[in-house]
Trainee: 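Quick one: the structure is below, questions incoming.
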There are 2 protein chains.
Amino acid sequence: MNTLSYGLLSLLTKHSRTGYELMQHIQPFWQAKHSQIYPLLAQLEQNGYVEFVHVPQSDKPDKKVYSITKKGKEATSLWIAEPTDEPVVRDELALKVYCISLVDKEHAWRLLAERKEYYLKKKNRLHLLFDKIKEESGKPLEKLEIHDSQFGPYVLVQKAMMKVDADLSWCEWMKKKLS
Amino acid sequence: MNTLSYGLLSLLTKHSRTGYELMQHIQPFWQAKHSQIYPLLAQLEQNGYVEFVHVPQSDKPDKKVYSITKKGKEATSLWIAEPTDEPVVRDELALKVYCISLVDKEHAWRLLAERKEYYLKKKNRLHLLFDKIKEESGKPLEKLEIHDSQFGPYVLVQKAMMKVDADLSWCEWMKKKLS
DNA sequence: AGTTTATATGTCAATAATGACATATTGAAG
DNA sequence: CTTCAATATGTCATTATTGACATATAAACT
């Protein structure tokens, strides 16, 4: 079983979701398209790690709501104890910035402005996520402890917000360098 | 041509390198194995974007030193103006932390300690890179401007250092949360 | 004396991931 | 009135990436 499959199980330990929702909610940690997720869910179901119920909808297309099984939960716990892969980062902008001396200031500015826009959107999404976690949590977020269900999502949003703030600081620093 | 191929060209705009060196130096921005890079270099060479000279060595294996051609440099400039892909991040640790409430404090601690170790090593590598850039640069790094060859590498190391510091801050914050 | 690590290049099968195609409904925007 | 975006699930050909295999030398470690 690959890492993304375990990731799907990880999300399902919180609550049941559709493949579509899983695809959306896993994006902050692992970018994947629906075309990769649907086959993996079918595979997880065949191996008894998850199960689903058909839910017909009148206004929207019918959906399949997936839940983790006991076997799935056990596999997830075992996975956490296994060695963890190092993070993979692939950023085309970095490759471009490496040879940025090839182009003029205006090109560089546009490149930077586009990326800043991306980081701002990301920060906004994280704030929305933060609010959602706050709502779903029974207590104030600062009081969450490891055995609280929302602890993981909470600390991950914190991590992402710290990183995006670092990225935005770099953008500001660069703006000065380019002016 | 794919993004990694342009990345290789980007590195070669600074100075000639072997495939082995390219593989090492591209890691901070784009993780790739030699088994992916060597075939791409052969392809770049066939299409006239790069050229190489055989360099026999007595103490170490012979090597091929690649240089970018005029055609390669032009292609690289055009690539910078094209739309930039969004960064891809895939971190197994994040997927594990999401469901960290499944395991006990000791497991979580070990997970965090391993990651902190990784970040510290990364920070160390970045400092070495920083020193190397300082040596290769003719002027003080703060004075570097966009048309200086070392400007790109310099601002990228800054970005990476800011991010790794954010990651380490998160590790410290987590330590308190878990104690 | 044997193993691992670094240097150095390469191939190839298997796996991971993307992009395009396919289908159906609703609501919003132009 | 038409096109676009969101919801919802799926397949499949192509591309990207990995891991294993292959080879060779020197230095360091056990």
Side-chain angles (χ1 to χ4, degrees), chain A residues 1-8 11 16-27 29-46 50-66 83-92 95 121 125 128, chain B residues 1-8 11 16-27 29-46 50-66 83-92 95 121 125 128:
Chain A
M1 224 175 18
N2 63 23
T3 308
L4 180 53
S5 298
Y6 280 115
L8 296 171
L11 293 217
S16 302
R17 291 178 235 225
T18 67
Y20 190 76
E21 286 168 335
L22 285 165
M23 184 263 291
Q24 291 182 311
H25 299 156
I26 209 167
Q27 297 302 319
F29 322 117
W30 197 282
Q31 286 93 63
K33 316 275 167 167
H34 73 274
S35 52
Q36 193 180 8
I37 289 174
Y38 288 127
L40 290 180
L41 279 173
Q43 196 191 283
L44 285 169
E45 195 265 336
Q46 279 199 328
V50 300
E51 53 194 17
F52 68 86
V53 280
H54 261 289
V55 177
Q57 295 184 117
S58 51
D59 51 334
K60 291 182 218 168
D62 297 353
K63 60 187 180 182
K64 285 178 169 185
V65 178
Y66 286 88
T84 308
D85 287 338
E86 294 185 350
V88 170
V89 178
R90 294 205 174 95
D91 190 356
E92 186 173 30
L95 299 176
K121 271 182 195 161
R125 278 199 303 274
L128 293 176
Chain B
M1 227 178 12
N2 62 24
T3 308
L4 180 52
S5 298
Y6 280 114
L8 296 171
L11 293 216
S16 303
R17 293 178 235 224
T18 67
Y20 191 77
E21 285 168 335
L22 284 166
M23 184 263 292
Q24 292 181 309
H25 298 157
I26 209 167
Q27 296 303 316
F29 322 117
W30 197 282
Q31 285 94 64
K33 317 274 166 165
H34 73 274
S35 52
Q36 192 180 8
I37 290 174
Y38 287 127
L40 290 180
L41 279 173
Q43 195 192 283
L44 286 170
E45 194 266 336
Q46 278 199 328
V50 300
E51 53 193 19
F52 68 87
V53 280
H54 261 287
V55 177
Q57 297 185 117
S58 52
D59 51 334
K60 291 182 219 170
D62 297 354
K63 60 187 182 184
K64 285 179 170 184
V65 178
Y66 286 89
T84 308
D85 288 337
E86 295 187 349
V88 171
V89 179
R90 295 206 174 95
D91 189 355
E92 186 174 30
L95 300 177
K121 270 184 195 160
R125 277 199 305 275
L128 294 176

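Everything numeric here is computed off the predicted structure, so don't read it as measured data. Chain letters run A, B, ... following the sequence lines, proteins first, then strands; residues in each count from 1.
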Trainee: Would the distance check show the side chain of E21(B) and the main-chain N or O of T18(B) forming a donor-acceptor pair, the cut-off being under 3.5 Å?
Mentor: yes
Trainee: Using a heavy-atom cut-off of 4.0 Å across all strands, would you classify E21(B) as base, sugar-phosphate, or nothing?
Mentor: nothing
Trainee: Using atom CZ of F52(A) as one end and atom P of dA8(D) as the other, report the distance to the nearest whole Å.
Mentor: 16 Å
Trainee: Do I26(B) and L11(B) come close enough that some side-chain heavy atom pair is under 4.5 Å?
Mentor: yes
Trainee: Does the side chain of M1(B) reach to within under 4.5 Å of the side chain of Y6(B), using non-hydrogen atoms?
Mentor: yes
Trainee: Pick base, sugar-phosphate or nothing for A42(A), based on heavy-atom distances below 4.0 Å to the nucleic acid.
Mentor: nothing
Trainee: If you measure from CZ on R90(A) to CG on D85(B), what distance do you get to the nearest 0.5 Å?
Mentor: 12.5 Å
Trainee: Given 3.5 Å as the limit, does a donor-acceptor pair link the side chain of Q27(B) with the main chain of A32(B), or not?
Mentor: yes
Trainee: Taking CH2 from W30(A) and P from dT17(D), how many angstroms apart are they, rounded to a whole number?
Mentor: 13 Å
Trainee: Heavy-atom nearest nucleotide on DNA chain C for H34(A) versus T18(B): which residue maps closer to 5'?
Mentor: T18(B)
Trainee: Under the 3.5 angstrom rule, does the side chain of Q31(A) hit a backbone N or O of V89(B) as a donor-acceptor pair?
Mentor: yes
Trainee: Would you say dA16(D) has OP1 or OP2 under 4.0 Å from some side-chain N or O of Q36(B)?
Mentor: no
Trainee: Please give, in whole Å, the distance from dT17(D) P to L4(A) CG?
Mentor: 16 Å
Trainee: Is it the case that the side chain of D62(A) and the backbone of Q57(A) share a donor-acceptor pair, with hydrogens and angles ignored and the cut-off at 3.5 Å?
Mentor: yes
Trainee: Expected output is a numbered-order residue list: members of residues 56-64 of chain A with a heavy atom under 4.0 Å from any atom of DNA chain C. What is it?
Mentor: D59(A), P61(A)
Trainee: Could you give the start and end, 5' to 3', of the contact zone on DNA chain C for chain B, using atoms under 4.0 Å from its heavy atoms?
Mentor: dA6(C) to dT18(C)
Trainee: Roughly how far, to the nearest 0.5 Å, is CD of E51(B) from OH of Y66(B)?
Mentor: 11.5 Å
Trainee: Send over the distance from Y20(B) OH to dT25(D) P, rounded to a whole Å.
Mentor: 17 Å
Trainee: Under the criterion side-chain contact (heavy atoms from CB on, under 4.5 Å), I'd like the reasoning laid out for L40(A) against L4(A): C-alpha separation, chi angles, the key distance, then a yes or no.
Mentor: CA-CA 8 Å; L40(A) 290 180; L4(A) 180 53; 3.6 Å; yes
Trainee: Distance check needed: dT11(D) P versus I37(A) CD1, whole Å only.
Mentor: 14 Å
Trainee: Rounded to whole Å, how long is the line connecting atom CE of M23(A) with atom C1' of dT11(D)?
Mentor: 16 Å
Trainee: Any side-chain N or O of R90(A) less than 4.0 Å from the OP1 or OP2 oxygen of dT17(D)?
Mentor: yes
